*Asks:* 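My structure is below; once you've seen it, I'll send some questions.
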Amino acid sequence: MRLAIPASLAIASEPVLNIADTAMIGHLGVEPLAAKAIATSLIGAVSWIFAFLIFGTTSLVASQYGSRNYALCGEIFRHAFVVAVAGGSLVAFLLFLFAPQLYAVMGAGPDVAALGVPYFRIRCATIPMLFSIYAAVGFLRGVQNTLSPMRVAFLMSGTNIVLDYALIYGSLGFPALGLRGAAVAAVVGHGLGVVLYLRLLLFSEYTGRYRLNRGGLRLQRFRNLSRIAGDLAVRTAGLRMSLVFATAMVARMGPVYLAAYEIVFQLFIFCSDTIDGLAVAGQTLVARHLGAGDGRRAQRLGWMLVGWGCAGGAVFGAAYLTLQQPLLALLTSSTAVTDLVRTEAILLLVAFQPLNGIVFALDGFLLGAHDTRFLMWAMLAGGLLLFVPLTGAAFHLELGLFGIWAGFSLFMIQRLAANMWRLSSRRWEGAFAAYHASRGG
């Protein structure tokens, strides 16, 4: 599991950034934090639909890497990068254009919308850059390099955090831009990431071995990517649309509830994204083992991931329970928000972290096996048929933040049961074989 530590650190840099960003914005007041919550939900929804550029590229490259087909690894990356730039530009344009309407649909009040729309529009510039980074990270993970993404992630996040402080509050000689300053900092941080990845991939040993700057584009490669991308995009859309719906329901409860929800959600993401380092290692190694024809070794790895995921989640749960007071003081200066988190959500967040850790780890295992069709249907069943109705019921029954988070916890139990059944059934081996047979190996 040597890949897991740098992968965990790389992924953890983003939730650390989100926590720092939330803390600095949270001390501007309730309305700025509520405005950020809506932007986070919207950008998260569209960006994670394109997360196949990480997960799909990693699985495809890793299986070819296991077969020692290095030139095809580079070809997969080139096609994923084109999709990233074109798709990201289109998504960014549409979100920028319809920003006021999106905030209205999400239930934002006038004060929240007035702050949120300009912030959101600036953040839209990060989307093509983010998608390009997805493609680069997916390629590097696939060729078993998690150290380089870790280094780049640290530089990106460090730059973003420093600029957050400088531009939000007007420090280090910069003007005080408030919420807009956080958006500008994000644009600069993402831009730095793109420059670093292009330099690494186009001006290093990767250029020659994987032929990253050679050859043209082939329609068949786009089709191959789209097949795995379709399942992952629908799967992720089901999850993110469910979360968008939850955010919209919470927004209708008022800005205090929305600010509290944003804090709990960021703590959840901090744990899930950190443990996703295990998922990355699992995805990469499973794809490599199956590409080499070693299914027995792949399953042993799956059971290891169950144990590590549970242990990692338990550590985070214990930390949240022990440190809840200083964490909440860091994230907000509002007593009303703090009291709401402590009375209605923190215990559920703590209790379910070990189970959540298993879910995240096994998601990576199944992605490595190209078992994307199963992941898609399991997510749609849990998100749209379970979490969304429970969220609506919580809103109409006035169960508050507790009702929303209880519904989310039940949704994670459903995902845990589905993933554990799939691992023990070994049907993922058939999914991997079928996927490669449909592409001629």
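The model shown is predicted, which means the values in this text are computed figures rather than measured ones.
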*Asks:* Looking at side-chain heavy atoms only, is the closest gap between Met249 and Phe245 below 4.5 Å?
*Replies:* yes

*Asks:* With heavy-atom distances below 4.5 Å as the criterion, would you say the side chains of Phe139 and Ile76 are in contact?
*Replies:* no

*Asks:* Just do the side-chain contact (heavy atoms from CB on, under 4.5 Å) check on Met412 and Phe387 with the steps written out, would you?
*Replies:* CA-CA 9 Å; Met412 294 302 294; Phe387 181 45; over 6 Å; no

*Asks:* Are there over 12 heavy-atom neighbours, none belonging to Tyr70, within less than 6.0 Å of that residue's OH?
*Replies:* yes

*Asks:* What heavy-atom pair brings Val117 and Pro100 nearest, and what distance separates the two atoms?
*Replies:* CG2-CA, 4.0 Å

*Asks:* On a heavy-atom basis, which atom in Ala108 and which in Val112 lie closest, and how many Å separate them?
*Replies:* CB-CG1, 4.0 Å

*Asks:* My understanding is that only one of Tyr261, Phe411, Phe408 makes a ring pair (Phe, Tyr, Trp, His ring centres under 6.0 Å) with Phe268; could you say which?
*Replies:* Phe408

*Asks:* Indicate every side-chain donor-acceptor pair of residues 311-322 with a distance under 3.5 Å to a residue at least two apart or in another chain.
*Replies:*
from	atom 1	to	atom 2	distance (Å)
Tyr320	OH	Leu267	O	2.5
Thr322	OG1	Ala318	O	2.9

*Asks:* What pairs with Thr159 under side-chain hydrogen bond (donor to acceptor under 3.5 Å, both in side chains), at least two apart in sequence or on another chain?
*Replies:* none

*Asks:* In terms of heavy-atom contacts, does CZ of Phe402 have more than 12 from other residues, nucleotides or ligands at under 6.0 Å?
*Replies:* no

*Asks:* Determine yes or no for a side-chain-to-main-chain donor-acceptor pair under 3.5 angstrom, with Gln144 supplying the side chain and Gly142 the backbone.
*Replies:* yes

*Asks:* For the pair Ile404 and Met253, evaluate side-chain contact (heavy atoms from CB on, under 4.5 Å) and give the outcome as yes or no after the intermediate values.
*Replies:* CA-CA 11 Å; Ile404 299 292; Met253 299 176 187; 4.0 Å; yes

*Asks:* Filter on salt bridge (Lys or Arg N to Asp or Glu O under 4.0 Å), then keep only pairs touching residues 100-116, sequence neighbours left out; what's left?
*Replies:* none

*Asks:* So do the side chains of Phe120 and Leu95 get within less than 4.5 Å of each other, counting heavy atoms only?
*Replies:* yes

*Asks:* With sequence neighbours left out, write down each residue that passes side chain to side chain contact (heavy atoms under 4.5 Å, CB included) with Arg199, or none if nothing qualifies.
*Replies:* none

*Asks:* Sub-3.5 Å donor-acceptor pair from the side chain of Thr57 to the main-chain atoms of Gly138, do we have one?
*Replies:* no

*Asks:* Is Ile358 close to Asn419 at the side-chain level, that is, under 4.5 Å between some pair of heavy atoms?
*Replies:* no

*Asks:* Mind checking what makes side chain to side chain contact (heavy atoms under 4.5 Å, CB included) contact with Thr58, not counting sequence neighbours?
*Replies:* Ile54, Arg141, Gln283, Thr284

*Asks:* Under the side chain to side chain contact (heavy atoms under 4.5 Å, CB included) rule, collect the residues that match up with Ile413, sequence neighbours excluded.
*Replies:* Phe352, Leu410

*Asks:* With sequence neighbours excluded, give me every salt bridge (Lys or Arg N to Asp or Glu O under 4.0 Å) pair touching residues 357-367.
*Replies:* Arg235-Asp363, Asp363-Arg415

*Asks:* Any donor-acceptor pair under 3.5 Å linking the side chain of Ser272 with the backbone of Ile269?
*Replies:* yes

*Asks:* Minimum heavy-atom separation for Asn160 to Ala186, with atom names?
*Replies:* ND2-CA, 3.4 Å

*Asks:* So, Ser89 side chain and Val85 main chain: donor-acceptor pair closer than 3.5 Å or not?
*Replies:* yes

*Asks:* Excluding sequence neighbours, so at least two apart, what forms side chain to side chain contact (heavy atoms under 4.5 Å, CB included) with Ser334?
*Replies:* Val30, Thr332, Ala336, Val337

*Asks:* Can you give me the closest heavy-atom contact between Ala369 and Val286, atom names plus distance?
*Replies:* N-CG1, 3.7 Å

*Asks:* Under the ring pair (Phe, Tyr, Trp, His ring centres under 6.0 Å) rule, collect the residues that match up with Tyr197, sequence neighbours excluded.
*Replies:* none

*Asks:* Tell me, please, which residues at least two apart from Thr391 pass side-chain hydrogen bond (donor to acceptor under 3.5 Å, both in side chains).
*Replies:* none

*Asks:* Would you indicate whether the side-chain heavy atoms of Leu201 and Phe81 approach each other to under 4.5 Å?
*Replies:* no

*Asks:* Which atom pairs, donor and acceptor, lie under 3.5 Å between side-chain atoms of residues 121-137 and protein residues at least two apart or in another chain?
*Replies:*
from	atom 1	to	atom 2	distance (Å)
Arg121	NE	Phe96	O	2.9
Arg121	NH2	Phe96	O	3.3
Arg123	NH1	Tyr119	OH	3.0
Thr126	OG1	Arg123	O	2.6
Ser132	OG	Pro128	O	2.9

*Asks:* How close do Leu399 and Glu344 get, counting heavy atoms only, and between which atoms?
*Replies:* O-OE1, 4.1 Å

*Asks:* Is it true that, when you exclude Glu398 itself, more than 12 heavy atoms of the residues, nucleotides or ligands shown sit nearer than 6.0 Å to its CD?
*Replies:* no

*Asks:* Show me the pairs that pass side-chain hydrogen bond (donor to acceptor under 3.5 Å, both in side chains) and involve residues 22-36, at least two apart or across chains.
*Replies:* Thr22-Lys36, Lys36-Thr40, Lys36-Glu262

*Asks:* Just wondering, do Val244 and Met106 contact through their side chains at under 4.5 Å, heavy atoms?
*Replies:* yes

